[in-house]
Amino acid sequence: MKKKFIIILACLMAILTLTLTACGDDKNGTYYPTNEEMKTNLENNGYVVILYQDLSDSNGNRHYGTLLFANKEREGEPKEYLWFYRFDSATSCEYYYNSLEQNCENYNSLVKIENDEKFGNIVYCGTENAISASGIKVVEVKVKV
């Protein structure tokens, strides 16, 4: 009886271990953290973070979504920053993408994602260090032609 119990327990432990490893963060997948998670990650890395809930463009048009802005400046080093927009609909993406393209300096990434099933509507621009500190992970897919 003891032998059967030990075998059953060992099988359950193996199944549990496999299940828990499958539920972990996919180190190879694209991941956009929530605003709160990004805010915490960035603040823990010395960034000043501001979260805006009320977005309007230069024409006074209201855009439904959020902006997370993070900034870190150190004397003698280039400024590190992240502008990260999330929108309720894709209609705002083009305006803010164009705005960031014209106004951001020395950025490593400028990204626009529209109507994605997993991520929704996102536009962001930032330096490599700020993007990394935020917890954003992007897997680049190379296509052979």
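A donor-acceptor pair shorter than 3.5 Å cannot be found between the side chains of Glu73 and Tyr47. Side-chain contact annotation: Thr127 with Asn108, donor-acceptor N/O pair under 3.5 Å absent.
At distances below 3.5 Å, not a single donor-acceptor pair connects side-chain atoms of Lys39 with backbone N or O atoms of Ser134. Thr66 places no side-chain N or O within 3.5 Å of a backbone atom of Gln53 that could act as its donor or acceptor partner.
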message: Before you tell me yes or no, could you show the steps for Cys104 and Trp83 under side chain to side chain contact (heavy atoms under 4.5 Å, CB included), namely the whole-Å CA-CA distance, both residues' side-chain angles and the distance that decides it to 0.1 Å?
response: CA-CA 9 Å; Cys104 285; Trp83 296 85; 3.9 Å; yes

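Note: the hydrophobic cluster containing Ile122 also contains Val111 (ILVMFWY, side chain heavy atoms under 4.5 Å, direct or indirect links). The hydrophobic cluster containing Met38 does not contain Leu55, counting ILVMFWY residues as joined when their side-chain heavy atoms lie under 4.5 angstrom apart, directly or transitively. Under the 4.5 Å side-chain heavy-atom criterion for ILVMFWY residues, a single connected hydrophobic cluster contains both Val123 and Phe69. The hydrophobic clustering, which links ILVMFWY residues whose side-chain heavy atoms are closer than 4.5 Å, places Leu68 and Ile50 apart.
Between Ile131 and Gly126, the closest heavy-atom pair is CD1-O, 3.7 Å. Residues Tyr124 and Val138 come closest through the heavy atom pair OH-CG2, 3.6 Å. Here the closest non-hydrogen pair linking Asn59 and Asp57 is N-OD1, 2.8 Å. The shortest non-hydrogen separation linking Leu110 to Leu100 is CD1-CB, 3.8 Å. Minimum interatomic distance between Leu42 and Ala70 (heavy atoms only, all atoms of both residues): CD1-CB, 3.6 Å.
The local environment of CD in Glu37 is crowded, with over 12 non-hydrogen atoms from other residues, nucleotides or ligands closer than 6.0 Å. Taking a 6.0 Å sphere around CG of Asn106, one finds it holds 12 or fewer heavy atoms contributed by other residues, nucleotides or ligands.
Separation of the Tyr107 and Tyr81 ring centroids does not fall under the 6.0 Å cut-off.
A distance of 6.5 Å separates OH in Tyr32 from CZ in Phe119, rounded to the nearest 0.5 Å. Remark: Phe87 CZ to Cys93 SG distance equals 6.0 Å, nearest 0.5 Å. How far CD1 of Ile136 is from CG of Asn41: 10.0 Å, rounded to the nearest 0.5 Å. Rounding to the nearest 0.5 angstrom, the gap separating the CG atom in Leu82 from the OG atom in Ser132 is 11.0 Å. Rounding to the nearest 0.5 Å places CG of Asn129 at 4.0 Å from CD of Glu80. The structure places SG of Cys125 at 9.0 Å from CD of Glu101, a figure rounded to the nearest 0.5 Å.
Ion pair Asp54/Arg62 flagged as a salt bridge, since at least one NZ, NE, NH1 or NH2 atom sits closer than 4.0 Å to an Asp/Glu carboxylate oxygen.
Relative orientation of the Tyr95 and His63 rings is parallel, given thresholds of 30° and 60° on the angle between their planes.
Members clustered with Val48: none, using a 4.5 Å side-chain heavy-atom cutoff among hydrophobic residues.
Taking the side chain to side chain contact (heavy atoms under 4.5 Å, CB included) definition, one finds that Glu105 meets it with nothing, sequence neighbours left out.
Annotation: side chain to side chain donor-acceptor pair (under 3.5 Å) contacts involving residues 111-123, sequence neighbours excluded, comprise Glu94-Lys112.
Considering Phe84, Tyr85, Tyr52 as possible partners of Tyr96, the one that fulfils the ring-ring contact (aromatic ring centres under 6.0 Å, His included) test is Tyr85.
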